[in-house]
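A single structure is presented below for examination.
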Amino acid sequence: MKQNLKIYNTLARRKEDFEPIKPPHVGMYVCGPTVYGDAHLGHARPAITFDLVFRYLQYIGYKVRYVRNITDVGHLVDDADAGEDKIGKKARLEQLEPMEIVQYYTNRYHNDMDKLNVLRPSIEPHASGHIIEQIEMAKKIMENGYAYEKNGSVYFDVSKYDESNDYGVLSGRKVDEMLSATRELEGQEEKNNPADFALWKKASTEHIMRWPSPWSDGFPGWHIECSVMGAKYLGEQFDIHGGGMDLLFPHHESEIAQSVAANGKQPVKYWMHNNMITLNGQKMGKSLGNAVSLEDFFEGSQKLIEKPYSPMTIRFFILQAHYRSTLDFSNEALQAAEKGIKRLFQAMETLDKLPASDKSTVNIEELRGKCFETMNDDFNSPGLIAQLFDGVKIINSVKEKKESLTESDITELKSTYNDFVFDVLGLKQEETKDDNKLVEDLMQTILGIRQNARTNKDYATSDLIRDNLAKIHIQIKDTKDGAEWSFLD
RNA sequence: GGUACCGUAGCCAAGUGGUUAGGCGGUGGUCUGCAAAACCAUAGACAGCGGUUCGAAUCCGCUCGGUACCUCCA
């Protein structure tokens with residue numbers, strides 16, 4: 001089952017052969033959500049991207065430990081609220097305990113991700129549960145001479161680090177250029193240097209979330225949780241670190257610097273970054289005020305959303321673009337995805353009932369091989385989907401007796417679709433409303449009456465039945481094998 | 001301004017030196033009492049200008065346009 005997988009490594013800026021440090025084990029760390037609000041489309045993209053990676057690595061035989069953190073400490077609301085903790089602020093607004101907010105939004109995040117059929121990670125550590133480790137790492141960095149204390153806060157000394165290491169190895173930035181380009185900002189005066197970043201931050205009096213440390217009552221800096229939890233659960237060096245492209249700098253760059261400063265090793269072999277989802281060409285983000293929550297998509301309850309889109313439509317839509325490309329949202333594109341996934345599933349139902357022949361006129365082995373080949377090329381899910389649609393044509397042609405397949409080829413085709421559609425892409429058939437037995441029996445009665453009318457060429461009656469059913473969103477389809485019906489959305 | 005990435009048909013989106021990507025929509029057809037649905041077939045493209053090459057959407061340069069990051073937001 002050994003596959004020749006290639007991964008685009010941001011560190012190298014090219015695709016590289018994937019060779020885990022300790023096969024068959026793979027360690028993967030992905031930056032998770034900050035739980036102070038509902039998940040929007042922008043959260044779905046990294047979750048689904050790395051779910052695909054997680055699924056495919058397992059499918060081709062690796063044993064993967066997937067760590068995705070929950071960020072629940074020490075993050076500021078915006079410039080206007082400088083010094084205030086995001087979660088702390090919301091807590092006071094709503095008169096709730098900070099950890100209550102964390103729990104509430106964590107539950108909602110899980111719920112949304114479950115709907116999207118995103119597998120839960122192997123370990124989901126909370127930043128707030130690793131305060132001690134974060135303090136220890138900050139101490140270690142200080143001992144190694146790469147950090148300094150100022151008024152109860154601890155800062156990473158970027159220029160010192162850059163003397164013997166490369167701060168910019170990931171993002172391609174140069175420290176001197178950054179220094180000259182940095183603007184005047186508030187709260188910088190404590191730092192020796194504007195490029196320095198906090199490892200520990202002293203809490204102001206109104207700051208709710210705080211922990212004791214050797215330096216002050218405060219909270220950890222904004223990059224150190226990932227360095228700490230990655231090393232704790234995956235080791236000081238592990239295989240894959242993922243996250244959105246927006247995290248590349250300064251978050252991931254700083255993570256590397258912290259880990260190297262503390263442990264003297266490059267922490268990660270392959271850095272993977274998914275691109276953003278845009279709305280009218282602009283990044284979707286809470287801070288931009290154009291974020292549409294996943295709930296809004298599922299319910300259709302937002303002015304930009306013309307109709308409800310099911311979780312699987314969203315998932316399929318995201319998988320139809322390569323993870324490193326930007327993906328522009330629109331109702332038209334989403335509706336195209338909705339029809340596309342329906343066509344795929346319909347073909348899979350046809351596949352289940354396909355008649356076998358003595359010989360095959362189509363090469364199924366080749367199709368299966370192409371599916372692997374495409375996925376091995378940096379998880380090219382849109383390419384895989386295109387292969388599967390080529391297969392849809394084959395399936396339909398066999399049904400129409402234009403092509404034929406042997407029993408064993410049909411079995412192989414079925415397992416190919418099951419494996420790639422369900423296990424790798426993580427798509428699933430959604431519950432339909434038409435599984436109610438009473439409704440089904442009533443509909444059969446109605447369709448029976450309509451069929452009688454049609455046999456008697458009483459088209460006025462048959463069309464009346466069809467039109468009235470259409471008014472209550474039930475669609476009649478007259479096929480060769482009799483009438484079928486389904487609910488319209 | 002700096003760093004990185006990107007501009008592919010009406011829309012979404014792969015590919016990346018020479019053979020139809022794919023989906024939606026369009027058009028034509030099959031089926032049907034009619035329709036719808038489904039299925040089959042099909043047209044239409046590589047931002048612009050130069051260069052390299054037998055050959056470029058694909059490589060190089062420039063121009064134009066777009067996005068992200070450069071913030072004690074994670």
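Below, all heavy atoms of this structure are taken into account, side chains as well, without hydrogens, waters or symmetry copies. Sequence lines set the chain letters: A, B, ... in the order given, protein chains first and strands last, and positions in each chain run from 1.
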_B/C11 to B/G25 separation - P atoms, rounded to the nearest Å_ =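 Comparing P positions in B/C11 and B/G25 gives a spacing of 16 Å.
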
*With the side chain of A/D328 defined as its heavy atoms from C-beta on, choose the nearest nucleotide among B/C40, B/C12, B/C72.*
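The nucleotide sitting nearest to the side chain is B/C12.
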
*Among B/G23, B/G33, B/C70, find the nucleotide with the atom closest to the side chain of A/D463.*
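It is B/G33.
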
_Using OP1 and OP2 only, check whether a side-chain N or O of A/N380 sits under 4.0 Å from B/G15._
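So the side chain of A/N380 is within the cut-off, an N or O lying under 4.0 Å from OP1 or OP2 of B/G15.
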
*asked:* Taking 4.0 Å as the cut-off, does a side-chain nitrogen or oxygen of A/R343 come that near to OP1 or OP2 on B/C39?
replied: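 Checking A/R343 against B/C39: at least one side-chain N or O falls below 4.0 Å of OP1 or OP2.
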
*Output the single nucleotide from B/U16, B/G10, B/C39 whose closest atom is nearest the side chain of A/E400.*
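Nearest listed nucleotide: B/C39.
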
*Between B/A14 and B/U8, how far apart are the P atoms? Round to whole Å, please.*
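Those two atoms are separated by 11 Å.
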
*Should A/K393 be listed as having a side-chain N or O under 4.0 Å from OP1 or OP2 of B/G23?*
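Affirmative; the distance criterion is met.
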
_Candidate nucleotides B/C12, B/A38, B/U32, ranked by approach to the side chain of A/F317 - the nearest_ =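 Selected nucleotide (nearest to the side chain): B/C12.
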
*Do A/R324 side-chain and B/C5 base share a donor-acceptor contact under 3.5 Å?*
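Looking at the base of B/C5, it does not pair with any donor or acceptor on the side chain of A/R324 (distance under 3.5 Å).
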
*On a whole-Å scale, what distance lies between the P atoms belonging to B/G18 and B/G55?*
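Nearest-Å result for B/G18 against B/G55 at atom P: 14 Å.
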
*Hey, is A/K393 close enough to A/D390 for a salt bridge, meaning N to O under 4.0 Å?*
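Salt bridge between A/K393 and A/D390, a charged N being under 4.0 Å from a carboxylate O: no.
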
*Hey, which of these two, A/I476 or A/S330, hits RNA chain B nearer its 5' end, going by closest nucleotide?*
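Closer to the 5' end of RNA chain B: A/S330.
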
*Want to settle it: does A/N69 or A/Q346 sit nearer the 5' end of RNA chain B, counting the closest nucleotide to each?*
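So the residue in question is A/Q346.
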
*Touch check for A/P33, heavy atoms < 4.0 angstrom, all strands: base, sugar-phosphate only, or nothing?*
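Since no nucleic acid heavy atom lies under 4.0 Å of A/P33, the category is nothing.
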
_Rounding to an integer number of Å, can you tell me how far A/I395 CD1 sits from B/C39 C1'?_
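Taking atom C1' of B/C39 as the reference, CD1 of A/I395 is at 13 Å.
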
_Of the listed nucleotides (B/G33, B/A13, B/C39), which one gets closest to any side-chain atom of A/R450?_
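In terms of side-chain proximity for A/R450, the closest of B/G33, B/A13, B/C39 is B/G33.
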
*Given atom CG of A/D246 and atom P of B/C5, what is their separation to the nearest angstrom?*
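These atoms are roughly 16 Å apart.
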
*To the nearest angstrom, how far is A/Q320 atom CD from B/A13 atom P?*
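It works out to 10 Å between those atoms.
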
*Of all the heavy-atom pairs spanning A/G391 and A/L367, show the shortest one and how long it is.*
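Nearest heavy atoms, A/G391 then A/L367: CA-CD2, 4.1 Å.
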
_Between A/E366 and A/K370, does any NZ, NE, NH1 or NH2 come within less than 4.0 Å of an OD or OE carboxylate oxygen?_
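Salt bridge between A/K370 and A/E366, a charged N being under 4.0 Å from a carboxylate O: yes.
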
*So what does A/Q387 hit on the nucleic acid, given a heavy-atom distance under 4.0 Å: a base, only sugar-phosphate, or nothing?*
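The residue A/Q387 makes no contact with any strand.
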
*Can you tell me the distance, in whole Å, between the CG atom of A/N456 and the P atom of B/C34?*
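Interatomic distance, CG of A/N456 to P of B/C34: 18 Å.
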
*asked:* Any side-chain N or O of A/N275 below 4.0 angstrom from OP1/OP2 of B/A68?
replied: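 For B/A68, OP1/OP2 do not have a side-chain N/O of A/N275 under 4.0 Å.
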
*What is the distance, rounded to the nearest whole Å, between atom NZ of A/K353 and atom C1' of B/C39?*
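It is 14 Å, rounded to the nearest whole Å.
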
*Any ion pair linking A/D378 and A/R324 (charged N to carboxylate O, less than 4.0 Å)?*
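A salt bridge is present here (some side-chain N lies under 4.0 Å from a carboxylate O).
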
_Heavy-atom neighbours of A/K202 NZ exceed 12 at 6.0 Å_ =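 It does not: A/K202 NZ has 12 such atoms or fewer within range.
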
*Side chain of A/R173 - closest among B/A21, B/C70, B/C12*: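 So the nucleotide nearest the side chain must be B/C70.
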
*Scan A/Y459 against the nucleic acid and name what it touches under 4.0 Å (heavy atoms): base, sugar-phosphate only, or nothing.*
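Contact class for A/Y459: base.
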
*If you check the A/N396 side chain, which of B/G22, B/A36, B/C40 turns out closest?*
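Nearest to the side chain of A/N396 among the choices is B/C40.
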
_A/Y155 side-chain proximity, nearest of B/C34, B/C70, B/C72_ =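 It is B/C72.
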
*Considering only the C1' atoms, how many Å lie between B/G51 and B/A68, rounded to the nearest integer?*
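Their C1' atoms lie roughly 31 Å apart.
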
*To the nearest 0.5 angstrom, please state how far the CZ atom of A/R454 sits from the OH atom of A/Y459.*
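Output value for this atom pair is 7.0 Å.
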
_If I take atom NZ in residue A/K401 and atom P in nucleotide B/C39, what distance separates them, rounded to the nearest angstrom?_
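Rounded to whole Å, this separation is 17 Å.
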
*Whole angstrom is fine here: how far is it from NE2 in A/H273 over to P in B/U3?*
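Interatomic distance, NE2 of A/H273 to P of B/U3: 19 Å.
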
*asked:* Any N or O donor-acceptor pair under 3.5 Å from the base of B/C24 to the side chain of A/K339?
replied: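 Answer is no: no donor-acceptor pair is held.
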
*Taking only the side-chain heavy atoms of A/E332 (C-beta and beyond), determine which of B/G2, B/A4, B/C11 contains the nearest atom.*
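Of the options given, the side chain of A/E332 lies nearest B/C11.
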
*Parallel, tilted or perpendicular for A/H252 and A/H273, by the 30°/60° rule?*
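Taking A/H273 first and then A/H252, their aromatic rings sit tilted (interplane angle of 30° to 60°).
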
*Roughly how far, to the nearest 0.5 Å, is CG of A/D157 from CD1 of A/I141?*
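It is 11.5 Å, given to the nearest 0.5 Å.
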
*For the base of B/C34, is there a side-chain donor-acceptor partner from A/R466 under 3.5 Å away?*
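Pair found.
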
*asked:* Below the 4.0 Å mark, does B/C5 have OP1 or OP2 next to a side-chain nitrogen or oxygen of A/S325?
replied: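 So the side-chain polar atoms of A/S325 never come under 4.0 Å of the phosphate oxygens OP1 or OP2 of B/C5.
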
*asked:* Rounded to whole Å, how long is the line connecting atom CG of A/L327 with atom C1' of B/U67?
replied: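 Taking atom C1' of B/U67 as the reference, CG of A/L327 is at 13 Å.
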
*Under the 3.5 Å rule, do the base of B/C73 and the side chain of A/Y36 count as making a donor-acceptor pair?*
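Answer is no: no donor-acceptor pair is held.
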
*Contact class for A/H322 vs. all strands (heavy atom < 4.0 Å): base, sugar-phosphate, or nothing?*
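Since only primed, P, OP1 and OP2 atoms lie under 4.0 Å of A/H322, the category is sugar-phosphate.
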
*Given the rule in the ring pair (Phe, Tyr, Trp, His ring centres under 6.0 Å) test, do A/F372 and A/F420 qualify, once you have shown the distances and angles that lead to the verdict?*
CA-CA 9 Å; A/F372 279 106; A/F420 281 99; 5.0 Å; yes

*Touch check for A/A321, heavy atoms < 4.0 angstrom, all strands: base, sugar-phosphate only, or nothing?*
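Here A/A321 touches the backbone only, sparing every base.
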
*asked:* What contact category does A/L344 fall into here, base, sugar-phosphate, or nothing, at under 4.0 angstrom with non-hydrogen atoms?
replied: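 Answer is nothing: A/L344 stays at 4.0 Å or more from every strand.
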
*At under 4.0 Å between heavy atoms, what does A/A333 touch on the DNA or RNA strands: base, sugar-phosphate, or nothing?*
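Touches sugar-phosphate only.
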
*asked:* Any base atoms under 4.0 Å from A/S153, or only sugar-phosphate, or nothing? Heavy atoms, all strands.
replied: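 No contact.
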
*Residue A/A336, side-chain heavy atoms: nucleotide from B/G23, B/C12, B/G10 that is nearest*: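 For the A/A336 side chain, the nearest candidate turns out to be B/G23.
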
